[in-house]
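Numbering starts at 1 and runs along the sequence shown. Numbering of ligands and ligand atoms starts at 1, following listing order. As the structure is a prediction and not an experimental result, all values here were calculated from the model.
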Amino acid sequence: MEKRAPLWFNLLATPNSVDLASTPSQLVLEVEHFSKAYEGAYAVRDFSLSLAGGAILGLVGPNGAGKTTTLRSIAGILPVKEGSIRIAGHDISRAEAAAKSALYWIPDDPRPFDTLTVYEHLEFTAALYRVAEWRAEGDELLRRFELVDKRDAVGGELSRGMRQKLAFCCAWLAHPRLVLMDEPLTGLDPRGIRSAKDSIRALAARGTAVILSSHLLELIEELATRILILARGKKVFEGTLAEARAGIVAGEAKSLEEIFMAVTEQRTDDVAPPPAP
Ligand code: ATP
């Protein structure tokens, strides 16, 4: 599968002169007519999206809808060949390092470095994202996510939930303009879930744009300020939950689950073409 260099590798190459405060666009994310095909079959088709700081976008859709493909393309993990993606005004294809230095990506199963301790991951993240004076905040994050006891444990010794908690700590510490999360709560214990939800809200309150992809519709309903529903590679709804309730589902059906069912059933004609023979 085609892959790009890992995020940290590109950040190492980020020039010191990149000033995120003076980026040319107020929009944190601008996706225009983005399409992605695997071996001739479109996974995402003509997808556009704008997101301002402080927004929490809930990205939902059936299995295979194209959510992870979209997130991995925005994160710069998959190359963008059709359409364009700009992070804080920087084109992910043409100004890759600057674009990546404005985002943090939390995959569904984060893989920390086997040979770095929890604390060294914080140190590494602060160095990559050029965050000064991070130690007090780092200590507070370890307390909040109950990782104090694991401060000196290396990545390979962490459970899945601990790896996710560490990813949340690093995302917070990086002070990015955009955080992308793919099923961020899977594997977290109840306290971890509470801390993660609080962190997502706090990130948005700090002005960070968050994209939260999850099949947990109640989570999306609870946290998201906007909702985007993908089905078979196409955007079939984007707006607030109130707009979805008013415009999509007639009668008394009001939950996001009911809206999801209605939208993803209605639009089965609006799909990406089947794989080429
Ligand atoms: P899920 O909810 O199941 O995680 P998703 O919405 O994240 O699904 P994607 O993983 O983006 O969906 O997959 C979208 C489509 O692209 C699917 O048809 C999938 O089979 C296909 N696809 C994803 N990755 C690859 C790949 N590396 N090679 C070929 N096809 C792929």
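The contact set between ligand 1 and His215, taken as ligand atoms under 4.0 Å from a residue heavy atom, comprises 2 (O). Here is the list of ligand 1 atoms found below 4.0 Å of a heavy atom in Ala43: 14 (C), 15 (C), 16 (O). Near Ala65, meaning under 4.0 Å from any of its heavy atoms, are these atoms of ligand 1: 5 (P), 6 (O), 12 (O). Using a 4.0 Å cut-off to heavy atoms of Asn63, the atoms of ligand 1 that qualify are 1 (P), 2 (O), 3 (O), 8 (O).
The cationic atom of Lys36 (NZ for Lys, CZ for Arg) lies less than 6.0 Å from the six-membered ring centre of Tyr38 and within 45° of the ring axis. For Lys235 and Phe47, the positive end sits near the middle of the six-membered ring, less than 6.0 Å away and at most 45° from its axis.
Ring centroids of Trp134 and Phe124 are separated by 6.0 Å or more, keeping the two rings apart.
Looking at Gly64, Ala41, Ala37, it is Gly64 that brings a heavy atom closest to atom 17 (C) of ligand 1. The closest heavy-atom contact to atom 5 (P) of ligand 1, among the options Lys36, Glu39, Lys67, Arg232, comes from Lys67.
Distances between N or O atoms of Thr68 and those of ligand 1 include at least one value under 3.5 Å. Here's the thing with Gly66: one of its N/O atoms is less than 3.5 angstrom from an N/O atom of ligand 1.
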Inset, instruction - Could you please spell out the steps behind the side-chain contact (heavy atoms from CB on, under 4.5 Å) verdict for Arg201 and Leu223? - result: CA-CA 7 Å; Arg201 288 194 192 94; Leu223 293 181; 3.5 Å; yes

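Interatomic distance, Leu147 CG to Met162 CE, rounded to the nearest 0.5 Å: 7.0 Å.
A salt bridge between Asp109 and Arg163 is present, with a side-chain N of the basic residue lying under 4.0 Å from a carboxylate O of the acidic one.
Of the listed residues (Leu122, Thr125, Leu141), just one forms a side chain to side chain contact (heavy atoms under 4.5 Å, CB included) with Trp172, and that residue is Leu141.
Ligand 1 lies nowhere less than 4.0 angstrom from a heavy atom belonging to Arg72.
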